[in-house]
Amino acid sequence: MKTATTIAQWLVRCCGVVLIALGLLFWTENALSLVPIHMLLGLVLVLSLWTLAGLAARAGVNPGLV
């Protein structure tokens with residue numbers, strides 16, 4: 001379970017940084033052809049966050065924090 005948590009945390013961190021960088025590129029109207037990659041990474045980020053929430057709930061973390 002610790003490995004799954006570590007992997008999910010790293011996915012959130014890496015996807016978050018790449019998504020922010022791509023968002024800045026889109027905002028400056030550059031790299032608009034990378035929108036599908038941006039959407040895919042957004043999906044990976046959301047699934048990773050859901051995984052972390054599920055693992056936290058299973059570990060007995062306060063439901064308000066989950």
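Along the sequence shown, the residues carry numbers beginning at 1.
- What you find for V66 and A53 is that their closest heavy atoms are CG1-O, 3.4 Å.
- Between L47 atom CG and T51 atom OG1 the span is 6.5 Å, to the nearest 0.5 Å.
- A distance of 10.5 Å separates OG1 in T5 from CZ in R58, rounded to the nearest 0.5 Å.
- At a threshold of 4.5 Å between side-chain heavy atoms, the hydrophobic network of Ile, Leu, Val, Met, Phe, Trp and Tyr places M39 and L49 in one connected group.
- Clustering ILVMFWY residues whenever any of their side-chain heavy atoms sit less than 4.5 angstrom apart, transitively, puts V35 in the very cluster that holds I37.
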Please set out all donor-acceptor pairs under 3.5 angstrom arising from side-chain atoms of residues 10-29, sequence neighbours excluded.
residue: T28; atom: OG1; partner: L24; partner atom: O; Å: 3.2
residue: T28; atom: OG1; partner: L25; partner atom: O; Å: 3.0
residue: T28; atom: OG1; partner: N30; partner atom: ND2; Å: 3.0

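- Side-chain heavy atoms closer than 4.5 Å link hydrophobic residues (I, L, V, M, F, W, Y) into clusters, and following such links, even through other members, never connects L55 to L45.
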